[in-house]
Each structure stands twice: as C-alpha cells, then as structure tokens.
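Notes follow once the structure below has been shown.
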Amino acid sequence: MHPAEMIPLELLAPAKNLECGIAAIDHGADAVYIGAPQFGARAAAVNSIDDIAALCRYAHRYRARVYVTVNTLVYDQELAAARQLVDDLCAIGVDALLVQDMALVGMAAEAAARHQRPLALHASTQTDNRSAAKVRWLGSMGFSRVVLAREVSLAQMAAIHREVPEVELEAFVHGALCVSYSGVCYASQYCFSRSANRGECAQFCRLKFALTDAAGHPVDRQRHWLSLRDMCRIDHLAEMADAGVTSFKIEGRLKDVAYVKNVVAAYSQALDKVVARSGGRYRRSSLGSSAVSFAPNLQKTFNRGFTPYFLLSDDDEVASLDTPKALGEYVGRVKEVGRDSFSVAGLASFANGDGLCFFDAAHELQGFRVNRAEGNRIYPQRMPRQMRQGLPLYRNADAAFDKILARPTADRRIPLSLELRLFEKGISLNATVLKTDIQVTVEKEIPHEQARQSQAENMRRQMSRLGGTVYQAADIVIDDDTSQCFVASSVLADLRRQMVEALDVLLAAMPQSRAHHTGPDASATPMREVPAPPPAAEEYQRYPYLYNIANRQAADFYAALGEMPDGRAFERGNVRSADGQQPPLLMQCRHCIRRLLGYCRRRGEVSAPWREPLFLALPDGRRFRLQFDCKKCQMNVYADS
C-alpha cells in the first residue's frame with residue numbers, strides 16, 4: 001500500500017522538561033506533549049519558550065510533533081498573558097495546543113493568522129469528552145483532535161469514530177488515573193483551595209477515608225476508597241487502532257526521564273508490532289526507528305498495579321485500596337527471618353540499593369532499602385519489625401535497572417535508500433527515506449575517469465559514514481557503470497554532506513504529518529452557527545459550573561451560542577446548584593464503591609446490607625455523600641452540606 005494511503009499511528013509521550021522530551025523522541029515517541037511557562041494542567045511541570053523551541057527543532061527532524069498543554073482555566077486578569085503565550089508558541093512552530101478553556105480558541109486562530117502557519121487545536125481530556133455529540137461539537141468549533149475521557153470503553157471509541165470520523169481521536173493507554181472524569185473534579189478546590197482545573201490538584205482521591213452508612217455505622221475499615229491503580233493497555237493497542245484511535249497517550253508529565261525511557265520504549269515496540277501485523281493498513285506517524293540497549297519492563301517503573309480501566313469490561317479491577325503509593329513488581333515471599341536479615345523464596349535477583357515493600361498486619365505499606373544482597377539473602381539498612389515468614393514482597397525501586405537507564409540507552413535513526421549514479425556531467429546521489437515519498441538528489445560535476453578496479457566498496461564505505469547524523473544507510477545501490485568510474489573519496493564525502501544538509505532542510509520545512517482524518521482548519525475562525533454544546537447529563541443544567549467558564553471571553557464564546565447565561569466556574573465562587581438548594585457535586589466517577597463491594601444493581605446482585613446514602617469521611621470529620629446513578633453506571637460524590 002502507498003504510504004499516503006496508510007493510517008498513521010502516533011505514540012504520544014509526556015515531557016516534564018526538555019530532557020524528557022528528547023528522551024521520549026529517542027526511545028520511539030511520534031509526538032510529545034509538554035507544559036508551557038503558564039496555564040498547563042501540571043503546575044509543577046513548566047518549561048521556557050526557548051526549551052520548547054529546542055524540543056520542536058529536535059522532534060521535527062524526525063517529523064515528530066510537539067503539543068503544548070495550555071489546558072487550565074484562565075481568569076480575566078490572565079487573558080492578556082494567555083494571548084501572548086499562544087502567540088509565542090505559534091511563532092516557535094509548535095504543532096498543536098491542548099486546550100480546556102474556550103477563550104483560547106479565538107486566540108489560537110488569531111495567532112495562526114498572524115504568523116501564517118497552522119496551529120492545531122486539541123480538546124484536552126479536561127473538556128470531559130465522553131460522547132459522539134461532544135466530539136462532533138468540538139470538531140465544529142475548530143478542534144482537529146479530541147482527547148477522550150479515560151473511562152470511554154473500546155465499544156464507545158468505535159461508536160464515536162463511526163459517527164464523527166472527521167475528528168482525530170486520542171486516548172490514554174498508560175499511567176496514573178484520576179478517579180473523577182477529568183475536568184469535572186472539584187474536590188481539591190473545595191477542600192484545599194487548590195483547583196485541579198488550574199493545575200494544582202492536591203490528590204484528594206489518594207487520601208484514606210472511613211466508609212459509613214446512613215446511620216453512621218462503618219461499612220468497612222478505613223481505606224483509600226477513591227485511589228485507583230495505574231492504566232496499562234499495552235496489550236490492546238491493535239483493538240484501539242481498529243476502533244479509530246490514532247494517538248496513544250502515555251500519562252506522566254511529572255515523571256522523570258527513566259520512567260519516560262522505559263515506558264515509551266515498551267509502547268513503541270508494541271506499536272511497531274501492531275504496524276507490522278496490519279498488512280500495510282497502518283504506519284508510524286513519524287520517521288525513524290529506535291534501537292534501545294535494554295529490555296523495557298513496565299513493572300520496573302512507578303506503578304500502583306495495573307488495570308485496562310473498563311476498556312473491554314465493567315469487571316476490571318481498578319482500585320488500589322490499601323495504598324496510593326507505588327507497589328512495584330512481585331519478587332517472592334519471605335522464606336526465613338533472622339536477626340538482621342531474611343531470605344526470599346522466588347526467582348528474582350536482588351542488588352544493593354533495591355527498594356522493597358510489603359503490607360503489614362494493619363494493611364499499611366512498609367518499605368525499606370536493601371543495604372546488601374547475597375543471592376536471595378537480604379540485609380536491610382534497618383530490619384523491619386513487622387517482617388515475618390510468608391509475607392509477599394514487592395520491589396518498587398530496582399537499583400540495577402535504574403543504573404542501566406541512567407546511561408544513554410537509545411539511538412534513533414532515519415533509514416535511507418541511497419543510489420549513486422552517473423549523469424552526463426558528473427555523479428549524483430539520490431536519498432529516499434524508506435517507506436515514504438521523501439527524497440532529495442544532489443549532484444557533483446566531475447570528469448568520468450575509468451577506474452583500474454571496481455570502486456563499489458569505497459563508494460559504499462563513504463556513503464555509510466552517517467555517524468553524527470539522524471540518518472542510516474539501510475540500502476546502497478551502485479550500478480556497474482558508476483562502480484567502474486573513479487570518484488575521489490573527498491567528492492563522495494562532499495556529496496554525502498550535501499545530501500544530509502538537503503534532507504535536514506527538507507524535513508524541517510515539511511508540514512508535519514497529520515492523522516488520516518482531517519478536521520476543520522484550526523487556523524480558521526471557529527464556526528458559531530452550530531448547536532450549543534450538548535449537556536453531558538442533566539447535571540450540566542443543575543450544576544452550571546460544570547461548563548468551567550472562568551473568564552468573560554469564555555462566557556462570550558458560549559453566549560454567542562445562546563448558552564449558559566450564568567455558567568461561572570466553581571473556582572470563581574459558583575459552588576451551588578442552579579436552584580441553590582443542592583450541595584456541590586464534587587466528582588463524577590466511573591469507579592463505583594458499591595460495585596467494588598459486590599452489590600452492583602446493574603448485575604442483579606444481592607441487596608446491600610447497609611442503608612444508603614453511604615458517606616466517605618476524612619479523619620478531620622468532613623463527610624462526602626455518595627450517590628449511585630446506576631442508569632449511567634456512575635458514582636457521584638457530593639459535599640455533605
């Protein structure tokens with residue numbers, strides 16, 4: 001199949017900073033997303049314009065793309081700064097902005113027109129994208145791509161793609177999970193005045209809660225009832241691609257470079273297999289292939305245990321009830337305990353500096369560092385008092401693996417097919433990027449002198465010397481006439497240098513590859529003659545702050561559609577229901593505690609032994625009421641006031 005007819009698949013990696021972004025590209029990412037100096041949904045992960053520009057230059061050599069997260073709510077006093085930021089990002093050539101606040105739609109259009117360059121808009125998962133109707137509306141507003149809610153199932157992905165094929169779909173495949181649908185979580189703001197929609201989430205969902213019934217009786221012991229495992233969908237990439245997803249997103253803009261290397265390499269190798277087995281239907285969206293010097297292992301980097309998170313079934317185990325911390329990989333059971341050491345029954349090997357952990361009798365996670373390892377005999381820095389025979393052990397820090405990842409671990413090259421050929425006045429070198437139509441030809445005028453012996457070996461040697469560049473000579477074609485012509489090594493070296501320079505210029509100037517669907521031109525003025533955004537549910541009418549309108553420009557955006565006369569954001573003090581009678585809705589969750597405990601009404605299971613409503617309570621006494629909306633398979637969390 002011709003490359004233009006193949007569907008490009010994109011592995012999208014997080015970049016905490018420039019170093020992580022470069023590592024992601026080196027280890028096989030087709031695109032990276034990175035935080036700007038302001039207005040990114042991870043306030044602790046910001047980057048200068050200069051660093052983002054450097055990342056663009058590095059990524060674009062491989063026709064990889066750089067997306068910038070500008071996906072927080074913007075306040076009125078920040079609109080000028082946001083407009084300047086969007087303009088600066090457009091000027092340095094970023095490929096897209098991830099946006100939540102609708103005020104930025106017009107800003108992006110203005111910047112693209114001013115700089116005469118495309119600037120795509122991607123609707124962040126913070127815009128709460130669960131339905132085809134919402135995706136269609138966002139497409140009509142100028143968004144070329146929509147990041148689906150993490151909770152969307154494979155069947156729902158396929159249905160959305162069938163109904164709205166013109167909008168690219170991006171879906172998460174790996175990383176930490178928020179328990180609430182993104183963009184509609186207000187618990188952190190309500191409890192700690194730290195807005196998740198402003199990039200300042202205090203991780204309310206990772207706290208320990210008591211669970212009580214309507215009479216105040218405990219339903220179960222205190223646990224981390226809202227804490228979820230990490231997502232892992234590495235075994236389902238082909239199914240997601242067939243459902244219409246073209247961008248596979250790894251979460252983790254707060255993760256370090258070792259995490260990025262390991263996870264990106266693992267998913268890149270998995271996506272390569274999807275492409276190889278597709279019979280020519282799919283291709284990777286960027287150029288080049290990565291050779292990594294280690295065996296990726298997802299169990300060896302930070303995780304709370306893994307879940308496919310409702311991708312295929314409602315029966316997925318999603319909760320991490322006993323700890324919100326990294327558990328790591330299971331390495332065996334305690335076999336025998338001595339005074340200052342213990343032995344482990346299992347096949348794992350250990351190293352000095354490993355981090356091990358276990359659950360004690362109170363179900364609390366206890367961790368310790370290995371001071372010395374002698375085979376399966378472990379000498380901790382301090383012997384845990386709760387250590388006992390038979391305890392399952394986990395390793396959440398692998399010293400040997402971390403040491404490997406601390407070194408250079410990847411080499412990414414763009415494979416070329418090279419052809420040396422004589423022409424009337426000299427010799428030419430044609431370079432074609434394999435499996436693409438990208439090619440350049442450079443020429444050198446020289447006299448045609450018959451060589452005493454074949455020059456093919458020297459010509460191949462000179463053409464192969466591409467070290468220090470991003471290119472690799474995968475194939476070199478030299479016909480008989482050319483091989484019998486004497487060509488000085490200096491001439492061949494000059495041809496090679498000109499070819500590299502020409503390819504560098506061509507790839508830097510080429511418009512970045514787009515997914516197989518072409519959405520509305522993001523540089524055009526967004527349409528306004530469309531229906532108002534479809535309510536996700538009656539909650540949007542009952543709780544208008546779900547629209548997250550934080551500034552006058554966003555309010556004008558909706559007002560032009562005849563929508564939401566009072567949609568002020570929760571963060572702007574609009575914390576009650578429309579009628580002023582209902583307590584604040586703080587979370588909407590696909591995770592359900594009733595289902596977790598075995599009393600799902602949709603499954604026809606036995607009646608629960610408690611009287612509802614159920615409440616979650618923090619140690620300081622603050623309570624949160626749970627409502628189970630079984631029709632929507634949704635658990636709502638309300639403030640108890």
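Start at 1 with the first residue, then count along the sequence.
Residues A29 and S286 come closest through the heavy atom pair O-OG, 4.0 Å. Across all non-hydrogen atoms, the minimal contact from L97 to A108 is CD1-CB, 4.5 Å. Here the closest heavy-atom approach between residue M6 and residue G280 is recorded as CG-O, 3.2 Å. Residues T125 and A149 come closest through the heavy atom pair OG1-CA, 3.8 Å. When every heavy atom of G35 is checked against every heavy atom of T69, the shortest pair comes out as CA-OG1, 3.3 Å. Here the closest heavy-atom approach between residue S247 and residue E10 is recorded as OG-OE2, 2.6 Å.
At a threshold of 4.0 Å, the pair R421-D479 counts as salt-bridged, since one of the basic side-chain nitrogens sits closer than that to a carboxylate oxygen. Salt bridge status for R150 with E251: absent, with no side-chain N to carboxylate O gap under 4.0 Å.
A side-chain donor from one of Y267 and H174 sits under 3.5 Å from a side-chain acceptor of the other. Under 3.5 Å, the side chains of H122 and N71 contain no donor-acceptor pair of N or O atoms. Side chain to side chain, S268 and R412 fail the donor-acceptor criterion of an N or O pair below 3.5 Å. Side chains of N262 and H27: a donor-acceptor N/O pair is absent below 3.5 angstrom, by distance only. Using modelled atom types, one finds no donor on one side chain facing an acceptor on the other under 3.5 Å when comparing N303 with Y259. Under the 3.5 Å distance criterion, with hydrogens and angles disregarded, a donor-acceptor pair is assigned to the side chains of D242 and Y282.
Proximity of a side-chain donor or acceptor of R117 to a complementary backbone N or O of A91 within less than 3.5 Å is detected. Side-chain N or O atoms of D354 include one that pairs as donor or acceptor with a backbone N or O of A399 at under 3.5 Å. R413 places no side-chain N or O within donor-acceptor distance of the main-chain N or O of V470, the cut-off being under 3.5 Å. A distance-only check finds a donor-acceptor pair linking the side chain of S290 to the backbone of G28 [under 3.5 Å]. Counting only distance, with no hydrogens or angles, the side chain of D87 and the backbone of A111 share no donor-acceptor pair below 3.5 Å. Between the side chain of Y33 and the backbone N or O of K249, no donor-acceptor pair lies under 3.5 Å. The closest donor-acceptor contact from the side chain of D51 to the backbone of L18 lies at 3.5 Å or more, if one exists at all. The backbone N or O of L466 lies less than 3.5 Å from no partner atom in the side chain of R496, so there is not a single donor-acceptor pair. Side chain of S428 to backbone of E443: no donor-acceptor contact under 3.5 angstrom is found. For the pair N47 (side chain) and K16 (backbone), a donor-acceptor distance under 3.5 Å is present.
With a 4.5 Å cut-off on side-chain heavy atoms, Q38 and E78 do not count as touching. You'll find the side chain of L148 reaches within 4.5 Å of the side chain of V135, heavy atoms only. No side-chain heavy atom of F302 sits under 4.5 Å from any side-chain heavy atom of V263. A 4.5 Å side-chain heavy-atom check between V167 and F143 finds every atom pair outside the cut-off. At a threshold of 4.5 Å between non-hydrogen side-chain atoms, the residues R61 and L507 do not count as touching. For the pair L495 and V487, the minimum side-chain heavy-atom distance is 4.5 Å or more. With contacts defined as side-chain heavy-atom distances shorter than 4.5 Å, the pair R83/E110 qualifies. Using a 4.5 Å heavy-atom cutoff, the side chains of S124 and V147 are not in contact.
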Exercise. Could you walk me through whether Y58 and D26 pass side chain to side chain contact (heavy atoms under 4.5 Å, CB included), step by step?
Key: CA-CA 10 Å; Y58 191 85; D26 286 346; 2.4 Å; yes

Quiz prompt | Derivation of the side chain to side chain contact (heavy atoms under 4.5 Å, CB included) call for T409 and V292 | solution = CA-CA 5 Å; T409 50; V292 298; 5.7 Å; no

Quiz item: Given the rule in the side chain to side chain contact (heavy atoms under 4.5 Å, CB included) test, do K435 and R283 qualify, once you have shown the distances and angles that lead to the verdict?
Solution: CA-CA 9 Å; K435 299 180 181 179; R283 63 176 175 84; over 6 Å; no

Exercise. In sequence, state the C-alpha distance, the side-chain angles, and the governing distance for D272 and R284, and then conclude on salt bridge (charged side-chain N to carboxylate O under 4.0 Å, His left out).
Key: CA-CA 8 Å; D272 280 343; R284 297 293 293 270; 2.7 Å; yes

Self-check item: Stepwise side chain to side chain contact (heavy atoms under 4.5 Å, CB included) check, I160 with V146
Solution: CA-CA 11 Å; I160 290 171; V146 171; over 6 Å; no

Practice problem: Evaluate the side chain to side chain donor-acceptor pair (under 3.5 Å) criterion for residues T127 and N129: first the C-alpha distance (whole Å), next the side-chain angles of each, then the deciding distance (0.1 Å), finally the verdict. | Solution: CA-CA 6 Å; T127 53; N129 310 314; 2.8 Å; yes

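Between the CG atom in L138 and the OG atom in S144 there is a gap of 11.0 Å [rounded to 0.5 Å]. The distance from atom CD of Q450 to atom CD of Q484, rounded to the nearest 0.5 Å, is 6.0 Å. If you take CD1 on I34 and CG on L98, they are separated by 12.5 Å, rounding to the nearest 0.5 Å. R63 CZ to D95 CG: the interatomic distance, rounded to the nearest 0.5 Å, is 11.0 Å. Rounded to the nearest 0.5 angstrom, Q116 CD and R114 CZ are separated by 11.0 Å. Taking CG from L311 and SG from C232, the interatomic distance works out to 11.0 Å, rounded to the nearest 0.5 Å.
No more than 12 heavy atoms of other residues, nucleotides or ligands lie within 6.0 Å of CD in E457, so this atom counts as exposed by the packing criterion.
Using the six-membered ring where Trp is involved, F294 and F401 have ring planes that are perpendicular, over 60° apart on the 30 and 60° scheme.
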